[in-house]
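Below: the structure, in structure tokens.
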Amino acid sequence: MNYWLVKSEPFKYSYDDLVRDKKTFWDGVRNYQARNNLRAMKKGDQVFFYHSNEGKEIIGICEVAKEAYPDPTAKEGDWSVVDVKAKKKFKTPVTLKQIKDEPKLADVALIKQSRLSVMPIEKKHYDLILRMAS
DNA sequence: GCCAACGTTGGC
DNA sequence: GCCAACGTTGGC
């Protein structure tokens with residue numbers, strides 16, 4: 001079991017959209033590092049859903065429902081998507097500020113590589129963030 | 001709206 | 001293969 005974090009701008013696709021759709025394919029990734037992370041996802045992996053720009057908080061969890069396959073929206077190039085399904089919306093979202101203020105989370109990729117849109121999360125960080133959300 | 005960070009492109 | 005220019009992302 002691995003843990004991940006994906007970013008979305010809520011006005012483009014929010015966690016509530018995912019809840020409404022139940023399931024979606026995570027398209028639009030056009031960055032090699034992010035794509036490679038997508039391809040490393042396994043069915044059942046847990047994925048934090050982060051709202052960038054607006055909100056700037058981890059809003060909930062989704063789960064990998066289908067492993068990487070070619071991005072149907074890519075006209076050219078070698079890109080991938082995965083299917084994710086909504087799992088749990090946090091009662092109290094964990095904000096970027098909280099993450100920054102927590103010394104134990106100083107080296108999560110969200111802070112170190114702010115532009116990366118799909119990133120792995122270590123289990124200890126995952127567990128800690130879960131605790132912060134409850 | 002600005003700007004820092006960083007990935008990509010293209011000239012040499 | 002280096003590096004300057006440029007584009008994009010995302011926090012503030």
Side-chain angles (χ1 to χ4, degrees):
Chain A
M1 169 86 70
N2 286 305
Y3 304 91
W4 309 91
L5 181 146
V6 296
K7 291 183 182 176
S8 183
E9 302 185 45
F11 75 87
K12 235 169 101 188
Y13 197 84
S14 70
Y15 191 81
D16 288 337
D17 291 330
L18 179 59
V19 169
R20 188 197 60 217
D21 295 345
K22 301 267 198 308
K23 194 175 95 167
T24 191
F25 59 91
W26 203 261
D27 68 333
V29 169
R30 294 294 181 270
N31 168 286
Y32 290 109
Q33 216 183 332
R35 184 201 67 184
N36 291 342
N37 289 333
L38 278 184
R39 289 181 177 176
M41 288 183 184
K42 297 287 180 208
K43 194 173 177 181
D45 282 358
Q46 303 296 297
V47 184
F48 283 143
F49 195 113
Y50 176 81
H51 280 174
S52 64
N53 270 317
E54 234 177 288
K56 280 170 291 180
E57 58 198 12
I58 300 173
I59 187 82
I61 308 173
C62 48
E63 184 177 313
V64 178
K66 187 180 178 189
E67 293 172 19
Y69 58 97
D71 186 342
T73 68
K75 288 193 180 63
E76 55 181 31
D78 181 23
W79 302 108
S80 297
V81 297
V82 295
D83 283 357
V84 295
K85 60 183 177 191
K87 191 162 185 208
K88 184 174 175 229
K89 188 175 181 178
F90 288 160
K91 283 198 183 69
T92 47
V94 178
T95 64
L96 182 64
K97 181 166 190 314
Q98 282 178 276
I99 294 167
K100 281 188 165 171
D101 287 347
E102 171 52 69
K104 291 198 190 85
L105 296 175
D107 62 347
V108 297
L110 185 64
I111 295 168
K112 287 174 81 176
Q113 273 183 283
S114 64
R115 291 187 52 210
L116 190 60
S117 59
V118 181
M119 66 193 73
I121 296 282
E122 288 177 47
K123 183 167 194 323
K124 62 180 178 185
H125 294 151
Y126 177 87
D127 289 341
L128 179 55
I129 291 167
L130 268 192
R131 256 180 277 134
M132 291 164 74
S134 60

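A, B, ... follow the sequence lines: proteins, then strands. Residue 1 opens every chain. A quick note: this is a predicted structure, and the numbers were derived from the prediction, not measured.
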Next item on the list: Mark yes or no for whether A/Ser114, through its side chain, and A/Ile111, through its backbone, hold a donor-acceptor pair below 3.5 Å.
Entry: no
Check: What nucleotide, of C/dT8, B/dT8, C/dG10, holds the atom closest to the side chain of A/Arg115?
Finding: C/dT8
Notebook entry, point to check: Between atom CG in A/Asp78 and atom C1' in B/dT8, what is the gap in whole Å?
Noted result: 17 Å
Check: Starting at CD1 of A/Ile99 and ending at P of C/dG11, how long is that distance when rounded to a whole Å?
Finding: 10 Å
Margin query: Is the positively charged end of A/Lys66 above the ring of A/Tyr69, judged by distance under 6.0 angstrom from the centroid and angle within 45° of the axis?
Written below: yes
Next item on the list: Let me know the distance between OH of A/Tyr32 and C1' of B/dT9, rounded to the nearest Å.
Entry: 11 Å
Item checked: Euclidean distance, atom CG of residue A/Leu96 to atom C1' of C/dC12 [Å, nearest integer] -> 11 Å
Next item on the list: Specify the separation, in whole Å, of atom CD1 of A/Ile58 and atom P of C/dG11.
Entry: 12 Å
Next item on the list: Check every atom of B/dG7, C/dG10, C/dC12 against the side chain of A/Lys7 and return the nucleotide holding the closest atom.
Entry: C/dG10
Next item on the list: Mark yes or no for whether A/Ser8, through its side chain, and A/Tyr13, through its backbone, hold a donor-acceptor pair below 3.5 Å.
Entry: yes
Checklist line | Pair A/Trp79 and A/Tyr32, ring centroids less than 6.0 Å apart | finding: yes
Note to self: Students often get this wrong, so: under 4.0 angstrom with heavy atoms, is A/Lys112 touching a base, only sugar-phosphate, or nothing?
What the structure shows: sugar-phosphate
Check: Would you say A/Tyr50 reaches C/dG11's phosphate, i.e. side-chain N/O to OP1/OP2 under 4.0 Å?
Finding: yes
Next item on the list: Provide, to the nearest angstrom, the distance between the CZ atom belonging to A/Phe11 and the P atom belonging to C/dT9.
Entry: 10 Å
Checklist line | Spacing between A/Glu9 atom CD and C/dT9 atom P, to the nearest angstrom | finding: 8 Å
Item checked: Atom-to-atom span, CG of A/Leu116 to P of C/dG11 - whole angstrom -> 12 Å
Checklist line | Out of C/dG10, C/dG11, B/dG7, whichever nucleotide has its closest atom nearest the side chain of A/Ser117 | finding: C/dG10
